[in-house]
Structure formats: structure tokens, C-alpha cells
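Notes follow once the structure below has been shown.
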Amino acid sequence: MRKAIAILLLAIVGYYFINVFIHMPFGEKREGVGKYYLENTVKETGAANVVTAIVVSYRGFDTLGEVTVLFLAATGLGAILFGKRGEKRRLQGASVIVKTTSMMLYPMVVLLGAYVFVHGHLTPGGGFQGGAIIATGVLLMFMSYRHFNVSHNALTWIESLAGLTFATVGLIGLALGTTFLQNFLPLGTPNDLVSAGIIPIIYIAVGFKVGAELTGVLDNMLKTIR
Amino acid sequence: MLYYIGAISLILIGMYAVLTKKNLLKIVVGLSIVDSGVNLLFISVGYVKDATAPIFSMPSLTADKMVDPVPQALVLTAIVIGLATTAVALGLVIRLYDHHKTLNINKIRQLKW
Amino acid sequence: MSWLAVLVLVLVVVQIIAALFSVWQKDLLLAALGTSAISVVLSVLFYLLQAPDVALTEAAIGVALSTIIFVIAIKKTDRYEE
Amino acid sequence: MISVPVILSVMFLGGVLAWLANRFVPKGASWTAAIIAAFAGYLVFALPSCGGEYTLALGSITLVWKSTNYSALFAMLVAVLGFLGILYSMDFMAGKKNLGYYYMNFLFALGAMLGIVYSQDLVSLFFFWEVMTWSSFMLVIYSGEEKSHKAGIKYFAYSAIGAYLILSAIVILYAQSNSFLLSENVKMFSGMSLGTQIMVISFLALGFGVKSAMMPLHVWAPEAYKESPSGFTAVFSGALSKMGIFGLGLVVFKFAANTEFFVYVRETLAWLGGLTAMLATFYAVIQSDAKKLLAYSSIGQLGYIIVGLALGTPLGIMAALFLTIMHGAFKAMLFMSAGAVYMRTGTTSLDDVSGLITKMPLTFLTALFGIISVAGIPPLGGFISKWMLYQALLETNHYFLIIVIFIASTAAFLYLYRFIFSLFLGQREKEFEHVKEVPWSMLVPMMLLTLFVLVAGVFPGLVLDPIGKAMGYLGNFKASWEPQVVFSAWGEKINMQVIAGTIGTIFILGALFIGFKNRKATRVVSTKDIHTAGEIPTENENLTYAVNFNQPFERAIAPILKWSVDKLFNLLGENLESTFEYLRYVYTGNGQTYAMYVILMVVILILFSGSIFGIHL
């Protein structure tokens, strides 16, 4: 009964969705705020990667909010699972081959993550991606070593400092210029590593923050005893 | 067009799981499928035929031959937030399982009167 | 029909099959792997849609982290759907 | 330079200060509050009656505070009653808990009332209206007993409905005129469509009617008055309910006067007021609690005021505004004397207390002057307002309404006599032998008000002067008077001093005569000293004469009392409750069902809109 109703309702919704998107041809050029961003990003922010410029500069305040949401989710997870943490993990350690390989891969993965968020304004990638990649690196170690531990203190410090950096940079922009997160550093030449003003600083901070938070989430989930 | 159909099917399949499945974890799986579908829909709306990614890595690239960067920026953060919310949902599921020793929502009757 | 369109068709079909698989599969571990497969395909689709940033994110988060937290949650609860 | 924000900030900061003072100094709160109220009262009187303007621009909203002649009248009432109420509270509340809380909310309520009368824009009017409701609600629930909570919730529910009606009216007005300024809206009002006008006027009238306890909406008043501490009840009934009158005055003469259906608005309000006066008086007669009796009496008097306002003739408005001031004074006197009795005997039940005249002579005197004034017997202030009201009714040919009002004011004698007889006259029970007169800080406000009622009765011109100015604000009403003289509708002059002299002489002579004639006939005995047919009454049997005092009258009006408004609301509430009992099944407690509702809603939207995202399907 429930399934029939659900299928009926979803069929109606799906039909109308399809109808709507028939009227919205695929792959055609659309004018909008995107056009402005594409034409002015390099001039205004000095970042080669327009997506990065939007995330960090044009919609930087939004990103601060999203980072906060992420932080709240990580904290909330900790609160939900509070009191269920135990050091006793029944995971068996992996075989020697896996252990050795992950030992060799781990620094490289972390390095890749760092590379991704340091070059966020030049190449695809940035703080969010780099942070996620670092977290996968940590995950690799979690899976292969029984006693691999991350220090919660360190995670908290990294997270707080990164968040503080973000807010401080924004406030300096407010103090020196007119708006929160206004650029106050020289833009440099596009496609240089040191360019685009405050964008790399913020994206690096975001990278640290996201990496630390996702690691914290994983740690919280893994350390929960059944 | 194919992308649209794929995205809409993902959304509908996910919704179907949310609406009919009795297992809490399955519902969370359904939610994450809806999430993927919405992300795909966004990105495909922003696509422009024969355009490049919105990155000025070479001087030969011009602004009118690039895809719309705004949906990409939105989806970028949406994915990360999606992971965080999924994690919170799973934490709640673990807690509920702890309390009721079951994942079947028909047997978890705490909200009922 | 160009080879690219065929590729997209195949990917979308694979994606839908993976979604249906993870919805109907009784073994939750396999369902979680199904979502992982969706994410892999999604990542490729993002790349084809000229969104390398998003593809990178989806690859790191959807494929690895999202799946692993599902696996962890399944390990802490029941593996099979009743 | 005194301007309105200064007065308001004195009140509000003073409230916080009183609260703080209570934390550090015992009794600090009452002294602080009294000083603050006195200072603010001084500022109100020092403020020029037309001026003190202050404008504050908050983004697109402009807040304007200004004293007009109309608001000056109400501000003086609030300031005087507020100060006297606080003075009265100093000893009345001594030794009670949470005094800081009491005085803070008291001052907040006073400040909010001043804010209401001074605000010239709808936003600050509504803001202060809500502050007033909140702080008075806090005082209604002050005692913390369950009864007071119930009364408070009732009060709050009705006030909230009224406030939302006012808010909707404000929003409608803003949508039409694009301005929150009162003057702007009044100017544009006649240009609005008929539907808008009807909506705005009925919403505003209902909203303000709740506060002034107009008949179908008066349900909250008796219990709220009874449960609030007496020091505040005096202000509650005397000044706070007058805010509704203030608002109604604005609605009738600023908004409704510009419309084509002005006469219907007036007639409706006049009849509502008349019915309020009559029915509330009937209810007052059957009460056996002094404060509840006074509460119903207060509702009835507000009914007279509404009638006067609604008549719309100069004499009617004058009567209404005069009664507003007088009612503030004499109802405060009565509530204060009831509070004094409560303080010394611990109850306000009319059946239990009796014979306090020799123990509390000054309180008795206050109550006596109070009831004479309420009853409208010359030479006190109440007479003049009733006199003018009847004349205004005659002038406008409302003969049927005159009968209603006449019945009401005749019935008023019943409960008024009962009030004074039960509490002060008759035989005294043993347990009240040790009752003492209340301390001076409570007597002073009562005596001052008594003096005021007397002076206003003999020299009505003193009060009529500001009232005349206020009428000038409401419209170009011209009324004429001389300091001691009131004109009748037929051009006759009534010299109040002559009347006062005559009545006073008759009164004194009568008292002397009765005292002389009965000097031997009276013998003071206890209530138990009676002859029955062999049965000796036990100690706890209540044989006070005041029990079932008005039983014959009660029997006479029984058919009217059968359908009380309270019951009507209860019936409505029960029916709604059972309806919602069924609607509750929508909430199954299953999250998936809720998700289904969401999808269902989307589907309904899609099906009924016929288009989505602007694309027609």
C-alpha cells in the first residue's frame, strides 16, 4: 500500500521534473552571475581557478558558514556518540603487505592533499578537496594499523587555529577595507603560486580545518564500541 | 539530456528508498543517493557545450568558452556538508540501535503515541 | 551518436543500476558499496561535465569517506536488513 | 530640555535599577521605585503638553515620539496613578518575595503605557503595547499560585489575540500607505478601499477592545484583576485598561471618522459599550469577592466610557474622557481599600469580612467616597460624567440605550452598597477584633485620590481643561465650560458648588438626625447572639448578614446569567479540542509518513499551480 502510494507520488513528481527539464535545453549558454564571475575573476581576484575564487572570495562569507556547519556536525557527532568511546578495538591488524604499502602511501597521500589545497587557486582542487584527501590518508592508516591514534588535542588545535585564521583574515579585510574578507594583499600575476591575495591563505586554512574535522569524524565513528 | 534523466532517476530512486524502506540505514543510503542526484543535476544545468572547465590555466582560454562556475562552487561545498550530515545521521542510527537493538523503524516506537 | 554520448549512456545506466542495487540489496554492506559505485560514476560524469573541482571532491569524499562511514556504521549495527 | 525618550528611559532604566536595588539593599526596591515614579511623574507634568518631539530613524522605519494634548491627558493619569500605586505598594508588599521582580515589572508597565500614549508611529505603539502586556502578565502571575497562573494564561491568551489583530491592522496599513507614521496613515486612510477600511477598523477596534474589556472579550479581566497584587490592580484597572480607550479614541476619531460608514462604527461600539455596562453590572452584583466585584464594576464603567466615545458628539467625548480620569481615580481608591482590607484580614471575600468601620475608619471613608463617585451621586466627580453622558445620549436620541444605561447604573447601587456594607458595616466577627488601620504610606494615596475626586466634583473645570485640549486633538470639537459650572444640553447652567453645598448639608443633617434618633436603639451584639427555635448556631456557621445579600436580584436576572460569555468560549474551546483530537491522527509518529506528506504537498502544489519554475505544463 505504502509502496503503491509512494510510486504514484514519485511518478507524478518525476513526470513534472522531466517536463521542466525538457524546457531547459542541455548544454546551452546561460547568462547570469556566472558570466560576470568568468569575465572578471582574474582581474579582480587574481585567481586562475574561478570556482575557487567564487568559493573563497565572492562567496567567502558563505564558506565561513559552511565550515561552521561542518564543525557543528563534527562536534554534534562527538556529542551523539559521547560515552560510547572505548579504546578496545576488535579490528585485526592488516597483513604486512598492506601495512608496508600504506606506510609508504600515507605521506604521499598527505602530500597530495597539501598540494591540492596549496594550489587551490591555480588548479582544480582546494581546501575542501585537499582536506578530504588528507582524511582518506588518515583513514588508510586507521584501517591498516591497530594502534594508530590521532591526538584529539592536536586536532582541536589545528581546527581552532584554522578557523581563527579564516575569521582573522576576514576581519583584517574589514578593518583595512570596507567589507569582511576584502582582499588586502597584492594580487600578483595570475597563475603564479604566490598570487590572488588572501585566497590561498584562506583555502589553506580551510584545508587544515576540513582535514582535521573529517579525521575527527572518522575517529569518533571508529572508536565507538558496539 | 541524458544527464538530466540520470540525475532525476537517482533522486526518485533515493526518495523511494526514503519513503518505503523500513531499515534506518537504508533510509540514510537513500538520502545519500538523493544527494548525489541533486549534485549531478546542478552540475549538468551549469554545463555549456564544447566549453572548458572554468580555470584560466592557459592564455588561450577565454571566458565565453567556459562552463558556469556558480553551480560548481555550490556543489563543491554541498558534497562536504552532505558527508557531515550523513555522519551525524549515522551517529544517530548507531545510538538508536544501541537503545532499541533494532534498525526497523516500525519497532522503534518512541515517537508514537 | 558519438563515442562520448555512448560512454555517458553507459555510465548513466550503470549509475541507475547501482542505485537500484543498493536500494534493493538486503545485505547492507553491499548496498554501501553500491553507493560507492554511484560515486565513482558520478565523479567521472563530473569530469565529463567540465567540473574537475567537483570531481575531485566527489572522488575523495563520495568514494572513500562516505562509504567507509557507512561501513563503520554497519559494523556497529546489523549487517542484514530484516 | 525634557523630551519623551528621557521619560521612557527613566522608567525603563529605573525598573532595572529597582531590580538591582533589591539585590543589595533590603527595601531598596520599593524606595527606588517610588523615587523613580515620582521623578518620572514630575517629568510627565513638566513636559509641554504639545511637544517634546523626538525622531529616531531605524533604517526604513522612522520612530516618532511626541506629546500631544490627547496623550498628555492619559500620560498624566498614568503618571499619577503609577506613583500612587507604587507608594501604596511600599507597605502593602512589605515582606513579600521577589520585590525586585514586582517593582521592575511595575515600572516597565508604566513606561510602556507612557510609550503607547507618546508614540506617533505604529511600530513603537505595537512594541510598547506588547511590553505592557508582558509586564502586566508578569504581575498577574506574581503570587505564583495555580489560580493566578490560570488567570495569567487567560489574560495573556486574550491579549495575544488582540495584539495580533492590531499587528495585522498595522501591516495592512503599511502595505497601503508605505509608512508607519500615524499622521501619514490617517491622511491616506480615506483614500483606501472599502474592504481595507473595514478590515483595519474592525481589527483595531477588536484589538483595543480586548484591553478595555469590551463585552465579548472581557473574560480575562475579573480573574486577572483579582489575582494581581492590589497595588498594581489599582493601576491595572485605573490606567492600563484605559490604554484600550486611548486606542479606541484614535480608531474612532482618527481613522473611522474619515470613512463613509462612520455612523455604523459608532452605533456598533455604542451598543457594545451599553451591553458591556449592563451585563457587567449584573455580573458584579452576584460576585461574593470584593476584588472580583470591583473588576466587573470596572468593566461596566469602561462600557460607559465606550458609549460616550462612540456617541461622537462633543458632550459624549467629554463625558467619556472625564469618566476616564474619574474612573482611574475612584476605581483605584476602591481597589486600594479592598487591598487594605485584604492586608489586615487576609481575605477579600464579602461573606467573611464585616464591621470594619470602627477599626479602619479612613479606609472606610475612602471606600465611601469611592462608591458615591461610582454611583454618580453629586457632588463627586462621577456625577458630572454621568450627567454629561445622559445628556449626550438624549442629544443624539439614543432613547433605548438610555434605558440600558439607566438599568446598569441602578443595578450598580446594589453591588456598591453590598461592597461597603459587607466589608465595613454590620456586625463584626470575633476574629476581626484586632484589626488595625493600615500604615500611612497606604493611606496617603487613598486620601489624595479622595481629595481629588471631591475637588474634581466641585471644580470640574480643573479637569475639563486638559480634556478640552485633548478633544481638540481628536477632532475640531469645541466644548464650553467654566471652572465650576457644567452646561446642560438645554443651555442651563449647573453650578457644582451649589450642588455640593446642598448635598453636603443634607448629608450632614441626615447623619446627625439618624445618629441622634438611633442613639439608644442600637446595641452591638455578636453574630451568634440570635434566638432560634431551640437550635444554637455553632462557631463556624456563617451568619453574617452579607451572605446572599442580593439573592432576590440574582433570582430576577437568572435567565440572563444562564448564558455567560465564559461558557460560550468554553464550548467553543471544547469543540475545537475534539476536532483537533481527530486531526492529531495525522501525526503518526512515523518519520516516513511525514516525508510522504512533504512529497504529497509538492504534488498538490504541482497539480494545482499548473506550472513550475515559471514553465507552464
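Every chain is numbered from 1, with letters handed out A, B, ... down the list of sequences. All values below were derived from every heavy atom in this structure, side-chain atoms included, with hydrogens, water molecules and symmetry-related copies excluded.
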CG-OG1 distance between B/Leu90 and C/Thr77, expressed to the nearest 0.5 angstrom
8.5 Å
Can you measure from CG (B/Leu103) to CG (C/Leu28) and round to the nearest 0.5 angstrom?
7.5 Å
Decide if atom OH of B/Tyr16 counts as having more than 12 heavy atoms of other residues, nucleotides or ligands within a radius under 6.0 Å.
yes
Where B/Ser32 and C/Thr35 come nearest, the two heavy atoms and their spacing
OG-CG2, 4.1 Å
Selection from C/Val13, C/Val23, C/Thr57 maximising heavy-atom pairs under 4.5 Å formed with chain B:
C/Val23
Specify which of B/Ala17, B/Ser36, B/Gly6 makes the most heavy-atom pairs with chain C at under 4.5 Å.
B/Ser36
Need one label for B/Ser9: side chain, backbone, both or neither, based on atoms under 4.5 Å from any heavy atom in chain C.
side chain
Comparing B/Leu2, B/Val67, B/Leu76 against chain C, the one with the most heavy-atom pairs below 4.5 Å turns out to be B/Leu2
Distance check, rounded to the nearest 0.5 Å: B/Ile33 atom CD1 versus C/Ile16 atom CD1?
11.5 Å
What part of C/Leu11 gets within 4.5 angstrom of chain B, counting heavy atoms only: side chain, backbone, both, or neither?
neither
Working to the nearest 0.5 Å, report the span between CD of C/Gln50 and NZ of B/Lys49.
14.0 Å
C/Gln15 and B/Leu10: which non-hydrogen atoms are nearest, and at how many Å?
NE2-CD1, 3.4 Å
Nearest 0.5 Å, please: how far is CD1 in B/Ile79 from CG in C/Asp53?
10.0 Å
Give a yes or no on whether the backbone of C/Gln25 and the side-chain of B/Lys26 come within a donor-acceptor separation of less than 3.5 Å.
yes
Near C/Phe21 CZ, under 6.0 Å, is it more than 12 heavy atoms from other residues, nucleotides or ligands?
yes
Per the side chain to side chain contact (heavy atoms under 4.5 Å, CB included) rule, which among C/Val54, C/Ile38, C/Val12, C/Leu42 passes with B/Leu40?
C/Leu42
In terms of heavy-atom pairs under 4.5 Å, which option from B/Val93, B/Val75, B/Val29 contacts chain C the most?
B/Val29
Contacting region of B/Ile55 [heavy-atom separation from chain C under 4.5 Å]:
side chain
Under 4.5 Å from any heavy atom of chain C - which part of B/Val48
neither
Max heavy-atom pairs within cutoff under 4.5 Å with chain B, candidates C/Leu56, C/Val8, C/Leu49, goes to C/Leu49
With rounding to the nearest 0.5 angstrom, report the CG to CD1 distance, C/Leu48 to B/Ile43.
12.5 Å
Side chain, backbone, both or neither: which part of B/Asp35 has a heavy atom under 4.5 Å from chain C?
neither
